[in-house]
Amino acid sequence: MPYDIAIIGGGINGCGIARDAAGRGWRVFLCDMADLGAGTSAASTKLIHGGLRYLEHFKFRLVREALQEREIIWGIAPHIVWPLRFVLPHHRGLRPAWMLRLGLFLYDNLGGRHRLPPTRGLDLRQDPAGAPLKPEFMRGFEYSDCWVEDSRLVVLNARDAAQRGAEIRPRLRCVSAVRDDEFWRLGLLDADGNASNIKASALVNAAGPWVGEVLRGVLGDNGPATVRLVQGSHVVVPKLYDHDRAYIFQNADQRVFFAIPYERDFTLIGTTDLDYQGDPAQARASAAEVAYICDGASAYFQNPVTPDMVVWAYSGVRPLFDDGASAAQEATRDYVLKLTAEAGQPALLSVFGGKITTYRRLAEDALRRLSPHLPPPRPGSKGMPAGWTAHQALPGGDFAPDGYTALVAELAIEFPFLEAAHLRRLVRAYGTDVRIMLAGMRSAADLGRHFGADLTEVELRWLIRHEWAHSAADVVWRRSKLGLRLTGAEIAAIDAAMPNLDLGQAA
């Protein structure tokens with residue numbers, strides 16, 4: 001039977017569209033040539049935010065939409081999204097204080113802030129946030145945004161889509177797509193070289209930085225390129241300060257960058273904006289980018305940040321719509337959807353750009369455009385109305401936005417054999433699904449083999465069975481960040497063990 005929608009690309013936009021469409025009752029197929037969220041979606045600054053700097057470019061609609069989404073996404077995924085306070089020191093040589101106050105006033109009042117606390121001024125000579133900074137930074141401001149586990153947001157959207165009937169197929173490359181009467185016919189190739197075919201009434205090209213390659217190489221579209229690839233890199237260093245707030249710093253080149261508490265013992269710093277040429281899968285943080293980030297941080301922190309401190313660096317390529325901006329940092333972060341729907345032909349929708357914060361709105365917009373070209377939802381399906389994704393929790397997120405501490409306390413009683421730090425990490429990753437993962441467990445021995453850090457056999461089984469994990473990299477760098485705490489030998493042991501695990505009966 002043909003699918004209603006086929007989606008190429010398993011990043012946040014593709015998985016968000018798959019979730020929304022499956023929930024509305026359409027038959028959905030999604031494939032990705034690699035792991036889910038392995039490209040741009042895993043290489044973000046990991047923020048759900050309005051984008052304070054976009055106000056300078058008068059992107060008020062983009063900022064307003066993102067600010068509205070901020071608390072919505074927190075509400076549907078409170079295990080992987082949580083509030084974060086940002087400290088903005090006033091730099092006398094850059095933007096004046098009145099401009100910062102005006103921008104933050106707009107940020108607070110453009111819409112969408114109901115639970116997050118408002119902006120306040122800081123005396124950095126007295127506030128603990130000033131202690132790590134150089135003494136010339138005496139004044140500042142503090143405002144709210146949210147943190148997100150970006151890779152997990154992708155996987156949870158995919159899980160929910162699958163639970164609602166979508167077929168999710170990572171590691172399956174689309175090698176051809178041809179219009180044939182009323183359907184698209186897709187040629188597919190898996191990692192072992194096995195070929196297959198499907199039919200779909202509509203096709204979505206959500207391939208991220210490969211969107212242009214899919215247009216040219218898969219669809220045979222030789223039109224002008226409309227995607228601008230921009231590389232952004234981040235570094236992780238040992239923890240630079242003890243409090244739980246993040247910093248947003250202004251750089252002399254008018255860019256802003258962040259220093260954010262990360263995985264308890266580290267600080268995440270980034271990002272860069274550089275035009276990129278080549279295969280997005282090969283993007284790596286260059287020595288020049290690492291030096292740029294370290295120099296920018298050292299301009300603010302009393303203790304210099306140097307490249308030799310970096311314990312991990314990652315880089316991703318943003319597929320921005322080419323709006324002709326002269327500088328990479330000025331190219332629009334807004335999404336652009338291009339629909340081709342000729343009379344009597346199946347529709348094609350290509351996705352350019354976008355922010356992880358607005359992925360849900362992008363999915364709604366995509367389906368609004370596609371729905372006139374789709375068959376009715378399948379008979380007997382409990383199709384949800386448009387907008388349903390704003391109210392239905394993602395897997396594991398069915399608890400109150402401020403209920404993380406209470407959930408940890410409940411689960412500590414149910415599973416007293418878990419170490420406190422281990423339990424907190426599990427709840428941050430899986431929320432209420434911890435109960436399903438650990439059902440029937442009575443002692444630490446029931447968790448099975450320990451692979452290092454606090455990764456156990458029962459969690460590894462869960463990731464393979466429910467989250468499409470196939471390799472150690474999927475586990476320790478995307479579905480978790482345990483790679484920061486594991487040795488190379490321990491990661492290799494995970495790779496060796498995964499094909500041989502007895503997965504048992506799916507929960």
Side-chain angles (χ1 to χ4, degrees), residues 12-13 16 44-45 47-75 81 83-88 90-91 94-121 140-148 226 228 230 232 246 248-251 253-258 271 273 318-338 351-366 368-369 386-387 389-390:
I12 188 59
N13 292 331
S44 78
T45 312
L47 300 179
I48 298 293
H49 67 138
L52 182 61
R53 72 180 181 89
Y54 305 141
L55 292 175
E56 277 191 321
H57 301 287
F58 306 107
K59 304 292 186 182
F60 297 115
R61 187 204 58 77
L62 173 62
V63 175
R64 184 172 186 272
E65 183 177 282
L67 290 172
Q68 291 171 336
E69 286 298 293
R70 200 172 47 177
E71 292 193 13
I72 290 173
I73 299 174
W74 176 24
V81 178
L84 195 58
R85 293 290 277 175
F86 287 78
V87 175
L88 171 57
H90 172 232
H91 191 304
L94 298 175
R95 296 169 181 87
W98 68 263
M99 182 182 291
L100 300 181
R101 279 195 297 268
L102 175 60
L104 288 166
F105 173 81
L106 291 171
Y107 206 68
D108 271 351
N109 292 283
L110 273 175
R113 187 181 61 80
H114 302 292
R115 293 190 297 266
L116 294 170
T119 296
R120 69 185 184 108
F141 304 91
E142 183 182 281
Y143 69 94
S144 294
D145 266 323
C146 288
W147 172 264
V148 63
T226 51
R228 182 173 186 172
V230 175
I248 176 172
F249 295 141
Q250 306 172 76
N251 213 357
D253 60 5
Q254 295 300 305
R255 294 198 68 258
V256 299
F257 65 101
F258 299 94
T271 181
D273 276 306
R318 309 177 190 101
L320 306 183
F321 184 75
D322 192 354
D323 59 359
S326 58
Q329 70 195 59
E330 295 172 2
T332 181
R333 265 52 176 178
D334 208 350
Y335 62 81
V336 175
L337 304 179
K338 293 289 187 180
V351 180
F352 300 88
K355 291 160 47 67
I356 197 167
T357 304
T358 52
Y359 86 90
R360 198 194 62 80
R361 292 282 282 270
L362 182 154
E364 289 182 345
D365 195 3
R368 178 182 62 81
R369 297 176 189 229
T389 57

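Atom set for the values below is all heavy atoms of this structure, side chains included, hydrogens, waters and symmetry mates excluded.
Between Y143 and F86, the two ring planes are parallel [angle under 30°; tilted spans 30° to 60°].
The shortest non-hydrogen separation linking C146 to R70 is SG-CG, 4.1 Å. Minimum heavy-atom separation, N13 to G353: ND2-O, 3.6 Å. A246 approaches L84 most closely through the heavy-atom pair CB-CD2, 4.0 Å. The minimum heavy-atom distance linking G50 with A66 is given by the pair CA-CB, 3.6 Å. Across E65 and T358, no two heavy atoms sit closer than the pair OE2-CG2, 3.7 Å. Here the closest heavy-atom approach between residue P83 and residue W74 is recorded as CG-CZ2, 3.3 Å.
For CZ of R369, the number of neighbouring non-hydrogen atoms (other residues, nucleotides, ligands) closer than 6.0 Å is greater than 12.
Distance CG/L106 to CZ/R64: 12.5 Å, rounded to 0.5 Å. Atom CZ of F352 is separated from atom CG of D322 by 10.0 Å, given to the nearest 0.5 angstrom. Distance OG1/T357 to CD/E69: 8.5 Å, rounded to 0.5 Å. Atoms CG and CG, from N109 and L104 in turn, are 11.0 Å apart once rounded to the nearest 0.5 Å. In this structure, CE in M99 is found 11.0 Å from CG in L94, a value given to the nearest 0.5 Å.
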Verdict with supporting geometry, V351 and L337, side chain to side chain contact (heavy atoms under 4.5 Å, CB included)
CA-CA 5 Å; V351 180; L337 304 179; 3.8 Å; yes

Walk me through whether K338 and T226 qualify under side chain to side chain contact (heavy atoms under 4.5 Å, CB included).
CA-CA 10 Å; K338 293 289 187 180; T226 51; 5.6 Å; no

Audit row: R53, Q254, side chain to side chain contact (heavy atoms under 4.5 Å, CB included) steps and yes/no
CA-CA 10 Å; R53 72 180 181 89; Q254 295 300 305; over 6 Å; no

If you apply the rule side chain to side chain contact (heavy atoms under 4.5 Å, CB included), what do you find for I248 with H49, and how did you get there?
CA-CA 12 Å; I248 176 172; H49 67 138; over 6 Å; no

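A 4.5 Å side-chain heavy-atom check between R113 and D108 finds at least one atom pair inside the cut-off. Looking only at side-chain heavy atoms (C-beta outward), I72 and R361 stay at 4.5 Å or farther from each other. Annotation: side chain of L362 is not in contact with side chain of K355 (no heavy-atom distance under 4.5 Å). Proximity of V81 to V148: side-chain heavy atoms (C-beta onward) are separated by under 4.5 Å at one or more points. Taking the side chain as every heavy atom from C-beta outward, L47 and W147 approach each other to under 4.5 Å. Using a 4.5 Å cut-off on side-chain heavy atoms (C-beta onward), R85 and S144 make contact. In this structure the side chain of T119 never reaches within 4.5 angstrom of the side chain of F105, judged on heavy atoms. D145 places none of its side-chain heavy atoms less than 4.5 Å from the side chain of L116.
A distance-only check finds a donor-acceptor pair linking the side chain of R115 to the backbone of E71 [under 3.5 Å]. For the pair D253 (side chain) and R255 (backbone), a donor-acceptor distance under 3.5 Å is present. Formation of a donor-acceptor pair under 3.5 Å by the R101 side chain with backbone atoms of F141 is not found in this model. A donor-acceptor pair is defined here as one N or O able to donate and one able to accept, closer than 3.5 Å; no such pair exists between the side chain of R228 and the backbone of L320.
A salt bridge between R360 and E364 is present, with a side-chain N of the basic residue lying under 4.0 Å from a carboxylate O of the acidic one.
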